[in-house]
Amino acid sequence: MTAADAPPIVFVHGTRFSAGQWSTQLAALREEFPVAAVDLPGHGARSAEPWSLGAAAEVIARAVDALGRGPALVVGHSLGGYAALEFARRRPEQLRGLVLAGASASTRGPWTTPYRWVAGLVPRIPADRLARWNDRLLLRQYPKDVVEATVRSGYAFHTLPAAWGEVLGRFDAGAMRHVAAPALILNGEKDSVFRSGEADFARAHPDARVELIPRAGHLANFDAPDAFTDAVRRFARQLPVTG
């Protein structure tokens, strides 16, 4: 693959986070690929914007256009993975490949009940208290250089009820039928909840494969940043060249 053939890559963050989630991946990949990370509506620099999956898909589409290199590899984690699936459905011509990270579980069925309960509970807890808990959790579990951009960017707890409220009940493996590009289902080995449907998601797509990050959990790009980045890099290098 020549530099001109290298696919642009757009990273889409998970629940409550922002583009800062991807600081390690952006730094590691930018010499080989055009890269960008977005803030979804209601998150980061777009904190004041109302959440919707449609608006999220448009944010991703604008980021692809801004890179100016044609269809992109979109890497979505958790909430960002489901937003990437919506983008794939709405804008198939802009998609060169898809990485679903921690987003290969059906969001339908009784297992979602605890998530609906959490979505209802979050607005009752002061945001500054939630932010302190998250800062302590991230800085205790991960190296500072991996999470400092996330901590610095703050958290979008106010958007969680709307975001989860729209995603829960909406997605299952059938969403993969709208992905008109190769797909990598990239999960942490220990992410038992969000990898629960990985086999179904892979079977629903004619050109999808599953890869696990050893010993990593749901936040696989924090748990094993080098392994996560390497998986994205290898997948990007294997994508067909667009004409």
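Residue numbers count from 1 along this sequence.
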> Given Phe228 and Trp22, is the side-chain contact (heavy atoms from CB on, under 4.5 Å) satisfied, shown in steps?
Replying inline: CA-CA 11 Å; Phe228 189 99; Trp22 303 108; 3.6 Å; yes

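- Looking at heavy atoms from C-beta onward, Glu198 lies out of side-chain contact with Leu100 at the 4.5 angstrom threshold.
- For Arg177 (side chain) and His205 (main-chain N/O), no donor-acceptor pair under 3.5 Å exists by modelled atom type.
- Remark: Arg116 CZ to Leu121 CG distance equals 15.5 Å, nearest 0.5 Å.
- Relative ring orientation between Tyr155 and Phe157 is described as tilted, the plane-to-plane angle lying within the 30° to 60° band.
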>> Does Asp135 form a salt bridge (charged side-chain N to carboxylate O under 4.0 Å, His left out) with Arg132? I'd like the steps, not just the answer.
In response: CA-CA 5 Å; Asp135 286 350; Arg132 289 195 300 271; over 6 Å; no

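- Hydrophobic clustering of Ile, Leu, Val, Met, Phe, Trp and Tyr side chains at less than 4.5 Å, counting indirect connections, unites Phe201 with Val210.
- Two different hydrophobic clusters hold Leu137 and Leu130 under the rule that ILVMFWY side chains link at heavy-atom gaps under 4.5 Å.
- Taking every heavy atom of both residues into account, Ser196 and Val193 meet most closely at OG-O, 2.7 Å.
- The two atoms that bring Ala72 and Val10 nearest to each other are CB-CG2, 4.3 Å, heavy atoms only.
- Note on Leu67: it does not cluster hydrophobically with Val99, by side-chain heavy-atom contacts below 4.5 Å among ILVMFWY residues.
- Residues Pro240 and Pro182 meet the side-chain proximity criterion, which asks for heavy atoms closer than 4.5 Å.
- To the nearest 0.5 Å, atoms CD1 (Ile213) and CG (Leu186) are separated by 4.5 Å.
- Only one option out of Val75, Leu184, Leu85, Ile185 pairs with Leu98 in a side chain to side chain contact (heavy atoms under 4.5 Å, CB included); it is Leu85.
- With respect to the salt-bridge test (charged N to carboxylate O, under 4.0 angstrom), the residues Asp200 and Arg203 qualify.
- A heavy-atom distance below 4.5 Å is found between the side chains of Leu73 and Val232.
- With hydrogens and angles ignored, the 3.5 Å screen pairs no side-chain donor or acceptor of Thr229 with any backbone N or O of Asp226.
- The backbone N or O of Ser47 lies less than 3.5 Å from a partner atom in the side chain of His158, making a donor-acceptor pair.
- Taking 4.5 Å as the limit, some side-chain heavy atom of Arg215 sits within range of a side-chain heavy atom of Glu189.
- A perpendicular orientation is assigned to the rings of Tyr115 and Phe194, their planes being inclined by more than 60° (bins at 30° and 60°).
- Across every non-hydrogen atom of Pro7 and Leu239, the tightest pair is CG-CD1, 4.2 Å.
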>> Test salt bridge (charged side-chain N to carboxylate O under 4.0 Å, His left out) on Arg46 and Asp39; report intermediate values, then the result.
In response: CA-CA 6 Å; Arg46 291 190 169 89; Asp39 286 330; 5.4 Å; no

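- Residue Glu31 places its CD atom among 12 or fewer non-hydrogen atoms of other residues, nucleotides or ligands, all under 6.0 Å distant.
- Panel note: side chain Trp111, backbone Ser106; a donor-acceptor pair is recorded below 3.5 Å.
- Side-chain contact between Leu138 and Phe17: present, with at least one pair of heavy atoms (C-beta onward) separated by less than 4.5 Å.
- At distances below 3.5 Å, at least one donor-acceptor pair connects side-chain atoms of Ser153 with backbone N or O atoms of Ala149.
- Linking ILVMFWY residues whenever their side-chain heavy atoms come closer than 4.5 Å, directly or via other members, leaves Val35 and Val12 in distinct clusters.
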> Run the side-chain contact (heavy atoms from CB on, under 4.5 Å) check on Phe171 and Leu53 step by step: do they pass?
Replying inline: CA-CA 12 Å; Phe171 292 96; Leu53 274 170; 3.8 Å; yes

> Arg237 and Phe33: side-chain contact (heavy atoms from CB on, under 4.5 Å), yes or no, with the steps?
Replying inline: CA-CA 10 Å; Arg237 287 174 176 172; Phe33 304 94; 4.1 Å; yes

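- Side-chain contact check for Gln141 and Asp223: no donor-acceptor pair (N or O, by modelled atom type) lies under 3.5 Å.
- Linking ILVMFWY residues whenever their side-chain heavy atoms come closer than 4.5 Å, directly or via other members, places Val38 and Val167 in the same cluster.
- Considering all non-hydrogen atoms of both residues, Arg108 and Arg170 come closest at NH2-O, 3.0 Å.
- Salt bridge Glu58/Arg90: absent, no basic N to carboxylate O contact under 4.0 Å.
- Within the 4.5 Å cutoff, no side-chain heavy atoms of Pro92 are placed close to those of His178.
- Residue Phe222 holds its CZ atom at 5.0 Å from CD of Gln21, rounded to the nearest 0.5 Å.
- With 3.5 Å as the limit, one finds a donor-acceptor pair spanning the side chains of His218 and Ser78.
- Of all heavy-atom pairs between Ala156 and Gly42, the closest is CB-O, 3.2 Å.
- Put simply, CZ on Arg96 and CZ on Arg69 are 8.5 Å apart, with the number rounded to the nearest 0.5 Å.
- Shortest non-hydrogen contact noted between Ala231 and Glu211 is CB-OE2, 3.6 Å.
- Considering CD of Glu49 and OG1 of Thr159, their distance stands at 10.0 Å, rounded to 0.5 Å.
- Counting heavy atoms from C-beta on, the side chains of Asn221 and Thr24 never come closer than 4.5 Å.
- Here the CD1-CD distance, from Ile9 to Gln25, works out to 10.5 Å after rounding to the nearest 0.5 Å.
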> Which is it for His77 and Phe11 under the side-chain contact (heavy atoms from CB on, under 4.5 Å) test, yes or no, and what are the steps along the way?
Replying inline: CA-CA 8 Å; His77 172 257; Phe11 289 89; over 6 Å; no

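- By the 4.5 Å heavy-atom criterion applied to side chains, Val64 and Phe87 are counted as neighbours.
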> Could you go step by step and tell me if Asp230 and Arg233 meet the salt bridge (charged side-chain N to carboxylate O under 4.0 Å, His left out) rule?
Replying inline: CA-CA 5 Å; Asp230 184 58; Arg233 181 188 291 112; 3.7 Å; yes

